[in-house]
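Notes follow the structure.
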Amino acid sequence: MNHRQTTTLWSTLIVEEFVRHGITLFCISPGSRSTPLTIAAARHAKTECIMFPDERAGGFFALGYAKSTGKPAVLVCTSGTAVANYYPAVVEASSDNRPMLLLTADRPFELIDAEANQTIRQPGIFGAYTRWNVQLPEPSTAIPARSLLSTIDHAVASSMGEVPGPVHINAPFREPLEPVELPGEDPWLLQLEAWRKNSAPLCISSQPDRLPPEDSVQRVRKLLERSSSTFILAGQLDSPEEAEAVLELAKGIGAPIYADISSQIRFHPEYLPLQHLMLSEEFMDRFRPDTVIHFGGKIVGKLPGVAIRRWKPEHVVVVKNHPKRFDPDHNVTMSIQSAPGAFARALANRTRAGVSHALALEAVCRETRMEIDRLCSPDAPVTEISAASILSGKLPRKSALFLANSMPVRDMDNYAANLNDSRPLTGVNRGASGIDGNIATAAGFARGLRQPVTLLIGDLSFLHDLNSLTLLRDLRHPLRIIVNNNNGGGIFSFLPIAGQTDVFETHFGTPQHFCIRSAAETFGLAYDNPSTNAGFASSYADLCRSGQPGIIEITGSRANNLAEHRRLNARIRTIVDRHLCG
Ligand SMILES: Cc1ncc(C[n+]2csc(CCOP(=O)(O)OP(=O)(O)O)c2C)c(N)n1
């Protein structure tokens with residue numbers, strides 16, 4: 001085989017081995033050095049290739065896909081800063097334990113550190129954020145073909161292992177890069193004879209065992225039996241089944257449950273949102289659990305953490321499906337590695353129903369809901385709070401929700417209504433909580449779920465990921481974007497820095513005065529800018545009915561938004577105090 005044939009075959013084997021693992025989505029960015037990989041992916045009968053002019057968007061799209069499928073996509077790009085553009089998505093995938101495969105083309109050995117064009121130090125570029133990284137040799141028949149396939153197998157196993165995350169394969173190629181016709185047979189392929197006759201990968205790794213450890217189940221069961229007051233926290237959970245199991249446990253043992261917006265419980269009709277109770281300091285002082293059990297990942301709201309720091313419970317148990325430390329307040333007394341849903345089920349089966357700690361929640365929730373609903377009256381102006389609340393009640397069946405960072409995720413966490421007939425899967429980027437890549441992640445989420453997705457996002461986050469609007473056109477399941485345009489970072493108005501008026505507006509508020517209508521036009525997307533709650537509800541219903549992607553802009557002001565949040569939270573506090581502490 002000549003050099004060109006080796007290069008072609010080398011890349012073909014890499015792609016084929018990924019496909020044999022069921023990894024068929026390739027997110028490719030254009031470039032020359034990656035030609036052998038791009039062509040191998042493009043010409044494989046079982047792959048789906050999506051093109052991303054912007055690698056950063058490609059990375060976040062792959063992240064969203066992994067969030068909704070549990071599977072990695074393969075990211076392919078050329079050498080140079082193209083690779084570095086994956087960094088933010090790699091950080092988020094690593095922090096949020098999502099599988100991701102980065103297959104980056106590089107220049108060959110003789111061009112490294114020699115001032116060659118578009119050449120940077122690529123091996124290990126993602127530092128501590130990969131589960132594994134490997135430098136491939138330049139394609140060569142001196143390398144056993146089995147070792148190439150085995151490297152791909154190990155990459156897949158590492159990405160989907162005990163702690164899923166990014167794996168970086170850096171693949172140098174020497175010119176010429178363009179593929180050629182392959183020889184029918186070659187001695188190099190002799191060692192792959194058995195592999196070529198079937199369609200299985202060379203090596204399949206076992207899936208990590210996330211069964212509940214029996215000794216931990218027993219230990220927590222004993223804690224619960226001795227506990228006079230237990231509090232359950234549901235952090236990020238990935239499936240409705242897991243969510244159901246945790247909710248059932250809470251009901252079974254009569255413990256109040258605080259369910260985060262990413263727990264897939266927040267919209268459950270049986271969930272009584274403790275988010276509101278947490279606003280009352282008096283409540284926090286009176287309800288003092290001795291045992292807290294946290295299921296799943298992070299929690300968006302900061303009040304549960306504040307409460308636990310104040311309560312100082314004897315036992316804080318964390319149940320999460322990975323071995324990483326999960327203890328931001330250093331108060332965890334038992335850390336359990338298990339699938340949260342399976343652990344909750346095991347516990348529920350072995351735990352006697354305890355004394356019911358039923359707080360007088362129904363009345364509080366009813367009255368709180370009435371306060372929120374007052375802001376949603378049809379003729380009132382649509383605001384960030386009313387938009388979140390109305391949206392939570394209007395999400396169509398078989399569609400999902402993605403919440404951008406900053407206020408959208410918090411507003412939905414705090415003010416969502418409990419839906420009766422639709423419980424949308426809810427995605428967030430809370431691993432590192434960036435305001436970058438939220439549009440691309442939501443697009444990847446829609447691709448993975450094969451469902452329409454609604455994204456609620458602030459104007460700065462929208463601007464940050466503006467070029468990802470190109471992705472909307474080609475999605476088979478539409479992404480609907482609702483932008484809260486308060487002309488800057490609304491969240492900063494809630495911080496003490498807002499008092500430092502000489503620097504606040506210019507250095508924190510950072511208004512950008514850009515035109516969202518024009519952005520929609522530029523990318524060929526439907527657009528609307530309703531002013532009332534009724535207008536928003538009908539605009540959203542129209543967009544959903546159209547089956548098309550589109551943007552709904554909600555124009556507001558940061559000052560009004562702050563005032564409305566303060567007024568509403570004060571009223572909720574009064575309700576809670578009256579019912580629970582009076
Ligand atoms: C990549 C990144 N840069 C900066 C930040 C800090 N940050 C957090 S919220 C925020 C403002 C976001 O504004 P916007 O998206 O308009 O949402 P709003 O605060 O108005 O809800 C910024 C800059 C971040 N989290 N991530």
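Indexing begins at 1, ligand by ligand and atom by atom, following the structure's order. All values reported here derive from a predicted model rather than from experimental measurement.
You'll find the side chain of H565 reaches within 4.5 Å of the side chain of Y415, heavy atoms only. Using a 4.5 Å heavy-atom cutoff, the side chains of I457 and I482 are not in contact. Taking the side chain as every heavy atom from C-beta outward, R476 and R450 approach each other to under 4.5 Å.
Taking each of G509, P511, S461 in turn, the one with a heavy atom nearest to atom 15 (O) of ligand 1 proves to be S461. The option with the heavy atom closest to atom 20 (O) of ligand 1, from among A432, G490, S433, is G490.
Contact analysis leaves N484 out of contact with ligand 1, as no non-hydrogen atom separation drops below 4.0 angstrom. Within the 4.0 Å heavy-atom shell around ligand 1 one does not find A404.
In this structure, the protein non-hydrogen atom closest to atom 9 (S) of ligand 1 is S406 OG, 3.4 Å. Of all protein heavy atoms, the one lying nearest to atom 7 (N) of ligand 1 is F492 CZ, 3.9 Å. Of the protein's non-hydrogen atoms, the one nearest atom 5 (C) of ligand 1 is I435 CG1, 4.1 Å.
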Query raised in the report: Between F445 and Y65, does a ring-ring contact (aromatic ring centres under 6.0 Å, His included) hold up when you go through it step by step?
Result: CA-CA 5 Å; F445 200 56; Y65 173 81; over 10 Å; no
Requested in this report: Mind running salt bridge (Lys or Arg N to Asp or Glu O under 4.0 Å) on E367 and R571 for me, showing each step along the way?
Outcome: CA-CA 10 Å; E367 283 190 39; R571 285 201 291 268; over 6 Å; no
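When the options Y86, F52, F26 are evaluated for a ring pair (Phe, Tyr, Trp, His ring centres under 6.0 Å) with F61, the one that passes is F52.
By the definition of a contact as any protein heavy atom under 4.0 Å away, atom 12 (C) of ligand 1 is in contact.
Looking at ligand 1, you won't find any N or O of N405 less than 3.5 Å from one of its N or O atoms. Between N486 and ligand 1, at least one N/O pair is under 3.5 Å apart.
Near P408, meaning under 4.0 Å from any of its heavy atoms, are these atoms of ligand 1: 21 (O). Near M407, with a cut-off below 4.0 Å to any heavy atom, the atoms of ligand 1 are 21 (O).
In terms of modelled atom types and a separation under 3.5 Å, the side chain of D96 and the main chain of E92 share no donor-acceptor contact.
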